[in-house]
Amino acid sequence: MIPLIRGFKDILPDETPVWKAIEDTAIAIFQSFGFREIRLPIVEKAELFQRSIGENTDIVEKEMYTFPGSRGEMITLRPEATASVVRAYIQQQLYARDPVQKLYTIGPMFRRERPQKGRYRQFYQISAEVFGIDAPYIDAQLIVLAWTLLERLGVTGLSVQLNSLGCPACRPAFKRALADMLAAGTGGLCADCLRRKDKNPLRVLDCKVPACREVMKDAPSMTDYLCEDCARHFSKVQSSLIRQQIPFVLNPRLVRGLDYYTRTAFEIQTDALGAQNAIAGGGRYDGLVKALDGPEQPAIGFAIGLDRLVELVSQTMPQKPFSPDIFIAAMGEEIQEKAFDWSCALGLAGIKTETDFSGKSLKALMKRADRVGAEHVLIAGSQELEAGVLVLRNMNTKEQVPVPIDGMVNHIKQYLKDYQ
RNA sequence: GUGGGUGUAGCUCAGUUGGCAGAGCACUUGGUUGUGGCCCAGGUGGUCGUGGGUUCAAGUCCCAUCACUCACCCCA
């Protein structure tokens with residue numbers, strides 16, 4: 001046997017209905033909020049991610065699947081969707097039609113991390129991006145949208161973490177203050193943080209090691225350093241969320257792992273999934289379109305971790321087993337050909353039909369019909385064939401009615417209609 | 001990349017101080033000549049993750065290795 005690759009997984013027929021239900025719910029909500037779908041390639045030039053996500057991020061440094069293409073250019077399996085959506089916005093000149101674009105996309109992402117609960121090397125995201133709107137209301141609306149989706153799916157135990165990361169005007173001052181503080185005293189920091197403090201000092205803020213939290217207890221908070229515009233923006237996001245009754249907590253330690261974020265950053269966390277508790281996350285990235293050689297347009301987006309969401313929803317959503325309306329039990333070799341014709345006719349008529357072509361004993365066929373959860377069994381043996389009338393058995397009531405072979409599909413259609 | 005846990009039938013798992021590889025479920029046949037679930041009786045199914053080692057004898061002890069899994073890290 002050739003097994004699948006580490007960190008990858010099969011999504012089996014018993015699980016796909018939950019995926020489908022989540023996707024359908026998400027799509028309905030996106031449409032209500034004016035979003036349209038965009039479908040993008042799974043591979044892009046490595047450079048796209050290096051420039052957007054940032055060279056010094058874990059994703060780009062060690063988690064991307066990158067390989068040379070036929071012309072020697074480096075190609076990467078996308079680790080996230082935003083870069084591709086921004087690329088398409090620029091390359092297809094969507095902004096020329098209308099700078100305001102509200103887009104969503106669903107698909108697999110790839111990161112070469114060590115697999116664990118809620119973390120796979122191929123994982124799925126639903127992501128939404130809005131271009132051309134800098135008003136704080138759209139920030140709040142995205143959070144409302146994500147929250148509504150989770151609520152409609154019946155997910156509980158969630159919290160919205162909210163922070164503002166400032167902008168190029170005010171973030172440098174904060175970074176300086178943080179660097180000064182770290183330079184003054186680094187005693188007690190873990191090895192990781194000692195390494196991080198120079199390269200990416202913001203990351204020290206969200207370290208989980210208790211000693212580091214203690215050291216960082218009195219660290220400066222970005223929200224204290226926001227410039228006037230950023231502060232006003234952030235406050236408007238909060239008041240909007242309050243009006244919409246979205247519960248959130250301000251988390252000055254919420255830092256995004258991708259370099260492009262500005263201003264609003266948020267994450268929706270669950271308490272039911274172990275260590276991988278982020279179910280959705282995103283934020284504003286006003287500088288990215290310009291940085292990727294596009295026009296100066298603000299943007300904001302978020303992504304939902306579908307695998308994690310599926311796990312949450314599976315815990316509560318009742319699983320309806322797949323069961324046929326009609327099970328054709330055809331006894332003996334010579335009737336199989338008839339059974340085939342009938343199964344085609346019923347299937348074409350839109351009746352969920354299962355047929356057993358094994359020619360086994362009626363007992364064995366009935367047993368199988370029961371196992372697959374058939375509502376009705378169409379019994380066909382030499383007697384029925386001779387009489388030109390089949391027997392339709394209701395598996396719940398055990399009632400059996402005759403069904404003439406002539407005009408059988410209509411008879412069954414009518415019967416099923418009356419039955420419901 | 002680092003650490004912990006687990007690998008025995010399709011599934012869930014027993015397996016004693018080293019001594020014939022098991023149970024339940026599932027599958028299959030029959031009890032019931034052409035009627036499912038429940039019950040009863042039988043049957044199929046194993047490279048005990050893999051490779052070495054110790055031993056008269058290894059699922060069991062030792063070494064290595066692989067896989068899965070949880071956690072660190074990171075993130076959705």
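In what follows, chains carry the letters A, B, and so on, assigned in the order in which the sequence lines appear, proteins first and then strands, with residues in each chain numbered from 1.
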How far does the P atom of C40(B) sit from the matching atom of A57(B), given to the nearest Å?
44 Å
Go through residues 353-380 of chain A and report each residue with a non-hydrogen atom lying under 4.0 Å from RNA chain B, sorted by number.
Leu362(A), Lys363(A), Met366(A), Lys367(A), Asp370(A), Arg371(A), Ile379(A)
Rounded distance in Å - CZ (Arg121(A)) to P (U69(B)):
11 Å
Among A76(B), C73(B), G34(B), find the nucleotide with the atom closest to the side chain of Gln116(A).
C73(B)
What is the separation between atom CZ on Arg119(A) and atom C1' on C70(B), rounded to the nearest whole Å?
11 Å
Please report the distance separating the C1' of C63(B) from the corresponding atom of G24(B), rounded so that it comes out in whole Å.
36 Å
To the nearest angstrom, how far is Glu113(A) atom CD from C70(B) atom P?
14 Å
C1' spacing across the pair A21(B) / C68(B), given as an integer number of angstrom:
24 Å
Starting at atom NZ of Lys398(A), determine the distance to atom C1' of C38(B), rounded to an integer number of angstrom.
10 Å
If we ignore hydrogens and angles and just use 3.5 Å, is the side chain of Glu80(A) paired with the main-chain N or O of Ala83(A) as donor and acceptor?
yes
Step-by-step side-chain hydrogen bond (donor to acceptor under 3.5 Å, both in side chains) determination, Asn410(A) to Gln414(A)
CA-CA 6 Å; Asn410(A) 285 332; Gln414(A) 189 58 46; over 6 Å; no
Using a heavy-atom cut-off of under 4.0 Å over every strand shown, decide if Phe302(A) touches base, sugar-phosphate, or nothing.
nothing
Now, which nucleotide makes the Watson-Crick or G-U wobble pair with C61(B), with each of the two distances under 3.5 Å?
G53(B)
Nearest-Å distance once atom P is located in both U60(B) and U6(B):
15 Å
Whole Å only: how far is the CD1 atom of Ile5(A) from the P atom of C68(B)?
11 Å
Applying a 4.0 Å non-hydrogen cut-off, can you work out what Gln400(A) is touching in the nucleic acid: base, sugar-phosphate, or nothing?
base
To the nearest Å, how far apart are Arg78(A) CZ and A76(B) P?
15 Å
Base, sugar-phosphate alone, or nothing: which one does Gly118(A) contact when heavy atoms must sit under 4.0 Å apart?
base
Pairwise P distance for U69(B) and G36(B), with rounding to whole Å:
42 Å
So do the side chains of Thr353(A) and Phe327(A) get within less than 4.5 Å of each other, counting heavy atoms only?
no
Using a 4.0 Å heavy-atom cut-off across all strands, classify Arg111(A) as base, sugar-phosphate, or nothing.
base
Backbone of Met109(A) reached by a side-chain donor or acceptor of Arg78(A) within 3.5 Å
no
Give the intermediate values and the outcome of salt bridge (charged side-chain N to carboxylate O under 4.0 Å, His left out) for residues Asp307(A) and Lys9(A).
CA-CA 11 Å; Asp307(A) 310 73; Lys9(A) 65 171 174 180; 3.1 Å; yes
Between A76(B) atom C1' and Glu63(A) atom CD, what is the distance in whole Å?
12 Å
Base, sugar-phosphate, or nothing: which does Glu311(A) touch, judged by heavy atoms less than 4.0 Å apart?
nothing
Using the C1' atom on both, measure G10(B) against U55(B) and round to a whole Å.
35 Å
Carefully, step by step, assess Asp406(A) and His411(A) under the rule side-chain hydrogen bond (donor to acceptor under 3.5 Å, both in side chains).
CA-CA 9 Å; Asp406(A) 201 27; His411(A) 277 104; over 6 Å; no
With a 3.5 angstrom cut-off on both distances, give the Watson-Crick or G-U wobble partner of G10(B), or none if there isn't one.
C25(B)
Please work out which residues in residues 11-29 of chain A have a non-hydrogen atom less than 4.0 Å from an atom of RNA chain B and list them by number.
none
Please state whether the phosphate of G36(B), meaning OP1 or OP2, lies under 4.0 angstrom from any side-chain nitrogen or oxygen of Arg393(A).
no
How close or far is atom P of C75(B) from atom CD of Glu267(A), stated in whole angstroms?
9 Å
Does Asn251(A) reach the main-chain N or O of Arg253(A) with its side chain, forming a donor-acceptor pair under 3.5 Å?
yes
Quote, to the nearest angstrom, the P distance that separates G19(B) from G15(B).
13 Å
I would like to know whether Glu354(A) and Arg368(A) meet salt bridge (charged side-chain N to carboxylate O under 4.0 Å, His left out); could you show each step before the answer?
CA-CA 10 Å; Glu354(A) 176 73 29; Arg368(A) 190 166 138 71; 3.1 Å; yes
With rounding to the closest Å, how many angstrom separate the P atoms on U8(B) and C13(B)?
9 Å
For residues Pro115(A) and Gly7(A), report the shortest heavy-atom separation together with the two atoms involved.
CG-CA, 3.7 Å
Does the Glu15(A) side chain pair with the main chain of Leu12(A), one donor and one acceptor, at a distance under 3.5 Å?
yes
Minimum heavy-atom separation for Leu254(A) to Ala265(A), with atom names?
CD2-O, 3.6 Å
Could you please name the partner base of G45(B), counting Watson-Crick and G-U wobble pairs only when both distances are under 3.5 Å?
none
